[in-house]
Number of protein chains: 2
Amino acid sequence: MADANILNAGNTAASAQFLREAEIRRGIELLYFGYTNMVRGADGLLDRHGLGRAHHRALYFIARRPAMPVGDLLALLNITKQSLSRVLADLQGRGLVIQAVGQRDRRQRLLELTPEGATLEAALFEELRTGMAGAYAQAGQNAVTGFWAVLTGLIPAVDRPMIQELQAGL
Amino acid sequence: MADANILNAGNTAASAQFLREAEIRRGIELLYFGYTNMVRGADGLLDRHGLGRAHHRALYFIARRPAMPVGDLLALLNITKQSLSRVLADLQGRGLVIQAVGQRDRRQRLLELTPEGATLEAALFEELRTGMAGAYAQAGQNAVTGFWAVLTGLIPAVDRPMIQELQAGL
DNA sequence: TATTTGCGTCAGCCATGTTGACGTATTTTG
DNA sequence: CAAAATACGTCAACATGGCTGACGCAAATA
C-alpha cells in the first residue's frame, strides 16, 4: 500500500487525470459486468433445484456463518423480514435449512444448513469458485489485493465491520 | 503487470495458498457488497423521478454510446426485448430518450438521450461517481489497475470486446 | 410490571425478469 | 426478383423477489 494515498499528495494534475470520468465509467461497467457474470454462474444449478438467486444468497451466508440469527442475515441482505421469510420458508420446506432456538437469547432463531443444504451450497460455491479463481489467477496476487481494496472503499465505513466479521476465524 | 502470471510459475504451494477458499469467498462477498452499495447510491434520485434501476441501466448505456441500436443495448443488458421495451417506453414517454431511424440500416432504431435525459443521466452518474472516486482515491492507482484486471477476468472472453467497445474513443 | 426486542405471518402491491406468438419493414441471399 | 433472414415492436400471461402495513407472541430488559 505504498501508493495508497497517491492522490492526496497535492498533485492536482495527476489527480485530475486519475479521476477522469472515463476511469470512473470503466470501473462502473466492469463492476456491473463482473458481478452479473459471477452470479449468473450459479443460475443453471439453481434452476435445476427450483431455486432463485435470493435462495442462493441466503444459503451462502448461512453456510458462511453457521448459527447466524435471522436478524443478522436481514442486516447482511438489507431486505425486509417479509421478503426473507418467503425464502427461508422455501429453504426449510425443502429441508436445506433448519432453525434452532438461541441459547443466550431464546428469542433468536439460529440458522443452520442441513447436510443436504451444505451439499447444495458447496456445489453452488463451486460454480462461483471456478470463475473467481480463474480471474485471480489471470490477474495475479497483486491485482487481487487491489481488487479487495477498491471494493472495500465502495462499502460505507459503518457496514465494513459487519462484512469483516464474515471473514473472522478463517 | 509484472506479476500477472505469478501463479503460473509452477509454484504449487503458493498457488494452493493463493486460491484458498477464504480468498475466494472474500472476493465473492466484497464484489456483492461493493456492487450493491454502488447501485444503491442512485436509488434516491431514481425514486424522485419515479424510475427504477432498470431505467438507470438503460439511460447509462445510451449515454455511454449515443446512437446505439436497440439490439446492441439488448446484448449489453442481457435481457429480453419484451423487458427492455417496457423500460424504453417509459423513458420515451417521459421525454428522456428518443429513437432515430438508422441511416445505414433503416430497420435499426438508434437510441439517443434528449437534453432532459442527458441532464438526468449526468445527475445519476454523479451519484455513482462520488462513491467510485472515493474508493479509487482510498485504494490508490495501483489498486485500481488490479481491480480492473480481476473484474475483466470474471467476464467471459467472448463478451469482453463488446464491453471494451464502450471505452472506445474516450 | 411495563416496555422493548426478535421473530413470524397475512394480505396486497410493484418492478422487472421470463416465454410464446405474431406482425411489419427492411435487408440480404439464392 | 422472390424468398429468407434480420431488426424491431406488441399483446398476453406468468414468476421472482422486492416493498408497505398491520398484528401477534414469547422472551428479555428497564
Result block: side-chain N/O donor-acceptor pairs under 3.5 angstrom for residues 146-154 of chain B, not counting sequence neighbours:
| from | atom 1 | to | atom 2 | distance (Å) |
| --- | --- | --- | --- | --- |
| B:Trp148 | NE1 | B:Tyr136 | OH | 3.1 |
| B:Thr152 | OG1 | B:Trp148 | O | 2.7 |

Does [X] have any side chain to side chain donor-acceptor pair (under 3.5 Å) partners at least two apart in sequence or in another chain, and if so, which?
{"X": "A:Tyr60", "value": "B:Glu29"}
{"X": "B:Asn78", "value": "none"}
{"X": "B:Ser83", "value": "B:Thr80"}

In the structure I gave you, are the side-chain heavy atoms of [X] and [Y] within less than 4.5 Å of one another anywhere?
{"X": "A:Lys81", "Y": "A:Leu84", "value": "no"}
{"X": "A:Leu120", "Y": "A:His49", "value": "yes"}
{"X": "A:Tyr35", "Y": "B:Val39", "value": "no"}
{"X": "B:Glu23", "Y": "A:Val144", "value": "no"}

Let me know the distance between [atom1] of [X] and [atom2] of [N], rounded to the nearest Å.
{"X": "A:Leu73", "N": "C:dG8", "atom1": "CG", "atom2": "P", "result": "11 Å"}
{"X": "A:Arg109", "N": "C:dC7", "atom1": "CZ", "atom2": "P", "result": "8 Å"}
{"X": "B:Leu77", "N": "C:dA15", "atom1": "CG", "atom2": "P", "result": "18 Å"}

Minimum heavy-atom distance A:Val97-A:Thr114, with the two atoms named: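 Looking at all heavy atoms of both residues, the closest pair is N-CG2, 3.9 Å.
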Protein proximity profile, nucleotides 18-24 of chain C - base contact B, sugar-phosphate-only contact S, no contact -, cut-off 4.0 Å on heavy atoms: BBBB---
Protein-to-nucleotide contact annotation, 5' to 3' order, nucleotides 25-30 of chain D [B base; S sugar-phosphate only; - none; under 4.0 Å, heavy atom]: --BS--
By salt bridge (charged side-chain N to carboxylate O under 4.0 Å, His left out) - contacts of A:Arg106 (at least two apart):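 Per chain and number, A:Arg106 pairs via salt bridge (charged side-chain N to carboxylate O under 4.0 Å, His left out) with no residue.
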Contact residues, residues 87-100 of chain B to DNA chain D [heavy atom, < 4.0 Å]: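 Within residues 87-100 of chain B, the residues near DNA chain D are B:Gln99.
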Near-strand residues of residues 37-55 of chain B, defined as heavy-atom separation under 4.0 angstrom from DNA chain D: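 Those residues: none at all.
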Pair up each side-chain donor or acceptor in residues 121-128 of chain B with any protein partner under 3.5 Å, not counting sequence neighbours, and list the distances.
| from | atom 1 | to | atom 2 | distance (Å) |
| --- | --- | --- | --- | --- |
| B:Glu121 | OE1 | A:Arg25 | NH2 | 3.2 |
| B:Glu121 | OE2 | A:Arg25 | NH1 | 3.1 |
| B:Glu121 | OE2 | A:Arg25 | NH2 | 3.3 |
| B:Glu126 | OE1 | B:Arg129 | NE | 2.9 |
| B:Glu126 | OE2 | B:Arg129 | NH2 | 3.0 |

Spacing of OH belonging to A:Tyr32 relative to CG belonging to A:Asn37, to within rounding of 0.5 Å: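 Separation between the atoms: 9.0 Å.
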Pairs meeting criterion salt bridge (Lys or Arg N to Asp or Glu O under 4.0 Å) with involvement of residues 89-104 of chain A, two or more places apart: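 Passing the test, one end in residues 89-104 of chain A: no pairs.
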End-to-end axis angle, where each axis spans five pairs of the helix from C:dT1-D:dA30 to C:dG30-D:dC1, to 10°: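 It works out to 30° between the end axes.
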Pair B:Gln167-B:Arg64, side-chain donor/acceptor within less than 3.5 Å: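 Present: a donor and an acceptor within the cut-off.
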Exam field: side chain B:Arg65 to backbone B:Glu165, donor-acceptor pair closer than 3.5 Å: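 Side chain of B:Arg65 to backbone of B:Glu165: a pair is present.
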